[in-house]
Amino acid sequence: MSTTAFGQSTVLGYPRIGANRELKKAVEAYWAGTIDADSLANTATTLRAEVWRTLRDARLDSIPSNTFSYYDQVLDTAVAVGAIPDRFARLGLSELDTYFAMARGVDAEPALELTKWFDTNYHYLVPEIGPDIAFVANPAKALREYAEAADLGIKTRPVLVGPATFLLLAKGDDPFARLDDLVEAYVGILGALAEAGVAWVQLDEPAYVADRSPEEIDALRRAYVRLGEVEHRPQIFVATYFGELGDALPALLKTPVEAVGLDLVAGPDNLNRLAAAGPLRGKTIVAGLVDGHNIWRTDLRAAVAAGATVAGLADHVAVSTSCSLLHVPVDLSVETHLGARLYERLAFARQKVDEVVLLGRALRDGTAHLPAPLPPAPDAWRHDGVRARLAALGSGDRQRGDYADRAASQQERLGLPELPTTTIGSFPQTAELRKARAAVRAGTLDDAGYTERMRAEVEHVIRLQEELGLDVLVHGEPERNDMVQYFGEQLDGFAATHHGWVQSYGSRCVRPPIIYGDVARRSPMTVAWSTYAQSLTSRPVKGMLTGPVTILAWSFVRVDQPRGDTADQVALALRDECHDLETAGIKVIQVDEPALRETLPLRKADQRAYLDWAVGAFRLATSGVADDTQIHTHLCYSEFGEVITAIDALDADVTSIEASRSKMEVLDDLAAIGYRRGVGPGVWDIHSPRVPTHDEVVEALRGAVAAVPARRLWVNPDCGLKTRGYSEVEASLRHLVAAAAEVRGN
Ligand code: GLN
Ligand code: ZN
């Protein structure tokens with residue numbers, strides 16, 4: 001085994017989408033059949049070379065490879081260990097098309113499940129490890145990328161998801177039943193890498209920053225003891241990120257791996273655990289001191305101090321980002337429209353590389369060359385009025401009247417039938433709507449023209465819903481580009497980037513706003529749309545807001561105050577919006593919280609505090625209305641069993657919730673905790689283009705009525721309809737309304 005030193009500075013990964021989302025465009029063109037596989041491969045080669053050159057020119061001394069992906073790094077690792085389920089292998093497609101079939105599905109086979117990567121907004125593909133999987137080393141991709149970089153004169157460190165995390169992320173009851181087999185595939189990969197001259201390999205084990213049982217920690221230990229024994233192998237760097245390793249740290253340090261990476265940003269206590277672990281003879285500790293999950297500049301002096309503490313404990317210390325830079329936008333330098341005082345406080349991926357390099361040098365040569373610390377945040381970012389309101393809040397400001405009274409007065413005012421029908425908010429975002437927005441950006445359509453088109457769309461959506469016979473209508477959200485950005489653009493304290501794209505999954509990228517200062521509402525944000533829609537119909541129209549937790553989850557949030565305080569500031573703005581909607585005659589207001597489960601902390605010990613502020617912020621936003629205004633909320637994208645009591649604590653009058661994939665399990669969970677308010681389990685899975693039949697909806701409703709009394713049950717789809725086409729929407733909603741009528745009748 002070679003013993004090349006690790007180096008002073010590294011990153012755990014770098015954005016692969018390209019500065020202008022070149023990868024998205026190429027991959028989508030390949031899917032559409034407008035470019036061929038060679039052309040796609042050429043784009044990919046160019047993007048990889050750009051990343052390696054960027055990192056080398058920044059003088060980073062340990063450069064990762066195999067962090068490129070056509071879709072997802074967990075899927076890449078699945079392919080690298082031969083975990084291609086038979087149902088895809090037997091399609092007889094090319095290697096690349098088999099890969100994309102696993103990622104996206106084909107007519108005959110649904111894709112692998114897609115789910116959230118720890119507490120980020122990145123989604124990975126869940127490996128399927130059935131009995132048909134025979135693990136086998138397939139190091140081709142890692143070798144190819146290593147050789148490609150080597151041709152540019154750049155020695156790299158191939159990165160793979162580690163075996164224990166891979167199994168913990170996979171689907172199945174006993175994740176470690178196949179550990180030994182899988183580890184042998186990794187043995188094969190390590191051998192091939194060593195053969196090619198690879199000096200270091202990075203194996204990512206982030207699953208161990210969550211609560212893990214002694215058996216699970218022992219599996220980690222076993223895996224790395226075995227890999228450590230391999231005679232002809234690269235040196236092994238086990239990277240962990242997103243939190244504290246806890247008991248897994250001493251276990252890992254006892255294995256023969258040469259380097260361990262710790263996230264000292266999300267897991268500051270890792271430092272104490274490291275100190276408690278005693279002298280770390282022969283180990284390199286890779287200290288994650290630069291936040292890879294947020295966009296603020298690092299306090300370099302504080303980071304050097306933490307790095308120096310690590311240096312006092314380990315044989316060698318290297319500085320890295322806390323996690324892969326995949327989670328931040330590529331380059332700040334193109335965002336010249338941001339004011340100077342905000343700009344100087346930010347660092348995107350490219351700038352974070354410089355920080356890591358500076359820190360590595362400062363640890364070696366002292367802090368003399370570090371730039372001066374930033375001045376305090378400008379006063380203009382403070383909003384004294386908002387602060388005073390927050391300081392004056394009492395518990396009564398998060399409390400509505402008794403539910404029984406609310407329900408009675410709402411029913412009297414709304415006069416809804418049993419099993420009322422509604423939708424979740426958005427109607428299809430048609431090409432015309434997107435074109436209108438593009439025309440506004442291009443300056444060829446003025447604001448008045450845009451508003452006129454959107455109003456025409458609202459009218460169309462209202463007429464359609466009346467014709468379909470829905471009970472509670474929506475305006476359809478045609479004016480919303482995105483459910484967070486739309487509000488961010490109208491609130492003080494938020495900034496939008498022009499090119500700050502971050503991969504969410506596959507070719508999907510998002511552009512999260514930045515919350516940099518106190519949040520305040522300048523003027524009503526949604527009232528004109530909702531009241532216009534309400535003016536067109538005698539049926540109730542729901543006002544539509546995005547909740548405080550979701551707004552935070554899908555933004556880059558300031559770190560100079562607790563998240564709960566920022567959430568409360570957003571909540572106050574929404575509270576005022578609810579008040580204005582109510583005053584304007586809107587009787588039902590939905591406050592969406594699809595991300596409530598998403599940002600749940602990974603460790604149980606931290607979950608309570610999160611849920612307390614999350615629920616508190618939602619209640620602050622929604623409790624200012626009169627008893628006879630009906631508050632709805634909507635939750636989706638995950639299984640909610642873990643946070644079911646928090647859902648109850650939101651105290652919404654009606655909760656619509658994704659349920660059709662999980663076969664209504666959520667109703668049992670709700671029943672088990674004594675939930676007694678309205679609930680609308682989704683009866684149509686809108687993530688699929690399939691139109692549910694009338695009978696399917698009837699069956700789902702009958703099942704629901706068995707679990708929840710009909711007077712509390714609502715009938716609605718799983719989620720918003722913006723990604724669907726009008727033909728499916730009309731047909732599905734027709735079935736939904738007819739099914740409700742049928743079940744109501746008996
Ligand atoms: N009201 C939003 C919509 O219908 C909710 C979207 C969501 O849950 N992600 O589009
Ligand atoms: Zn949803």
Side-chain angles (χ1 to χ4, degrees), residues 7 9-19 23 47-48 50-52 54-55 58 60 62-77 80 116-125 141-142 145 149 156-162 165-166 169 200-209 237-243 245 259-267 286-296 298 318-331 347-357 500-506 508-510 512 556 602:
S9 56
T10 194
V11 296
L12 299 188
Y14 198 78
R16 52 208 179 204
I17 55 176
L23 184 61
L47 288 171
R48 287 191 290 262
E50 268 170 28
V51 169
W52 290 320
T54 300
L55 298 180
L60 195 70
S62 179
I63 295 179
S65 62
N66 204 37
T67 56
F68 174 83
S69 180
Y70 279 126
Y71 205 98
D72 165 46
Q73 70 271 10
V74 180
L75 180 60
D76 294 327
T77 299
K116 253 174 37 72
W117 179 243
F118 303 95
D119 55 356
T120 74
N121 190 21
Y122 177 80
H123 298 68
Y124 70 95
L125 288 157
K141 175 177 182 290
E145 291 188 19
T156 58
R157 177 185 83 238
V159 179
L160 290 154
V161 177
T165 289
F166 181 79
L169 296 179
W200 282 92
V201 65
Q202 173 183 329
L203 299 175
D204 286 1
E205 295 287 2
Y208 284 85
V209 306
F237 162 37
V238 177
T240 69
Y241 38 89
F242 300 141
L245 257 189
V260 173
L262 297 172
D263 181 339
L264 297 175
V265 177
V286 181
L289 294 167
V290 170
D291 194 347
H293 196 187
N294 209 338
I295 42 70
W296 303 100
T298 307
V319 178
S320 79
T321 51
S322 64
C323 59
S324 167
L325 292 172
L326 173 70
H327 307 290
V328 293
V330 178
D331 189 2
F348 291 178
R350 176 63 192 84
Q351 289 69 39
K352 284 173 186 283
V353 173
D354 289 341
E355 290 189 332
V356 161
V357 172
W501 296 99
V502 176
Q503 186 179 15
S504 169
Y505 64 89
R508 257 296 264 283
C509 300
V510 294
F556 288 119
L602 299 171

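All of these numbers come straight from a predicted model, not from anything done at the bench. Residues: numbered from 1 along the sequence shown.
Two residues are said to be in side-chain contact when any heavy atoms from C-beta on lie closer than 4.5 Å; Leu75 and Tyr70 fail this criterion. In this structure, Leu23 and Phe68 have side chains that are in contact, with non-hydrogen atoms separated by less than 4.5 Å. Within the 4.5 Å cutoff, the side chain of Leu55 has heavy atoms near those of the Val11 side chain. Looking only at side-chain heavy atoms (C-beta outward), Pro329 and Phe556 come within less than 4.5 Å of each other. Put simply, the side chain of Phe166 does not reach to within 4.5 Å of the side chain of Leu160, judged on heavy atoms. Contact of the Leu169 side chain with the Phe118 side chain is registered, since non-hydrogen atoms from C-beta on lie closer than 4.5 Å.
In terms of heavy-atom proximity, Asp76 sits nearest to Ser69 at OD2-OG, 2.6 Å. When every heavy atom of Tyr71 is checked against every heavy atom of Leu125, the shortest pair comes out as CD2-CD1, 3.7 Å. Among all heavy-atom pairs drawn from Gly18 and Leu47, the shortest one is CA-CD2, 3.7 Å. Contact record, Val353 with Tyr14: CG2-CE1, 3.6 Å, taken as the closest heavy-atom pair. Between Val356 and Ser320, the closest heavy-atom pair is CG2-C, 3.9 Å. Residues Thr156 and Ser65 approach most closely at OG1-OG, 2.9 Å, considering heavy atoms.
Using modelled atom types, one side-chain atom of Thr240 and one backbone atom of Gly261 make a donor-acceptor pair closer than 3.5 Å. Panel note: side chain Glu355, backbone Thr298; a donor-acceptor pair is recorded below 3.5 Å. A donor-acceptor pair is defined here as one N or O able to donate and one able to accept, closer than 3.5 Å; no such pair exists between the side chain of Thr67 and the backbone of Gly13. Looking only at distances, a side-chain donor or acceptor of Glu145 sits under 3.5 Å from a matching main-chain atom of Asn66. Between the side chain of Trp52 and the main chain of Pro64, a donor-acceptor pair closer than 3.5 Å is present.
Aromatic pair Tyr124/Trp117: centroids less than 6.0 angstrom apart. Taking the centre of each ring, Phe242 and His327 come in below the 6.0 Å mark.
Once rounded to the nearest 0.5 Å, the distance linking CZ of Arg16 with CD of Gln73 reads 4.5 Å. Separation of atoms CD1 (Ile63) and CH2 (Trp200) is listed at 16.0 Å; rounding is to 0.5 Å. Distance CG/Leu262 to CG/Leu289: 10.0 Å, rounded to 0.5 Å. In this structure, Leu325 CG and Asp291 CG are separated by 9.5 Å, a value rounded to the nearest 0.5 Å. In this structure, OG on Ser324 lies 9.0 Å from OH on Tyr122, to the nearest 0.5 angstrom. The distance from the NE2 atom of His293 to the CG atom of Asn121 is 8.0 Å, given to the nearest 0.5 Å.
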| query | Should Phe237 and Leu12 be marked as a side chain to side chain contact (heavy atoms under 4.5 Å, CB included) after you check the CA-CA gap, both sets of side-chain angles, and the distance that decides it? | reply | CA-CA 11 Å; Phe237 162 37; Leu12 299 188; 3.7 Å; yes

| From CA spacing to verdict: side chain to side chain contact (heavy atoms under 4.5 Å, CB included), Phe348, Ile295 | CA-CA 6 Å; Phe348 291 178; Ile295 42 70; 3.6 Å; yes

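A donor-acceptor contact closer than 3.5 angstrom links the side chains of Ser62 and Arg157. Between Thr165 and Glu205, the side chains place a donor N or O and an acceptor N or O closer than 3.5 Å (distance only, hydrogens not considered).
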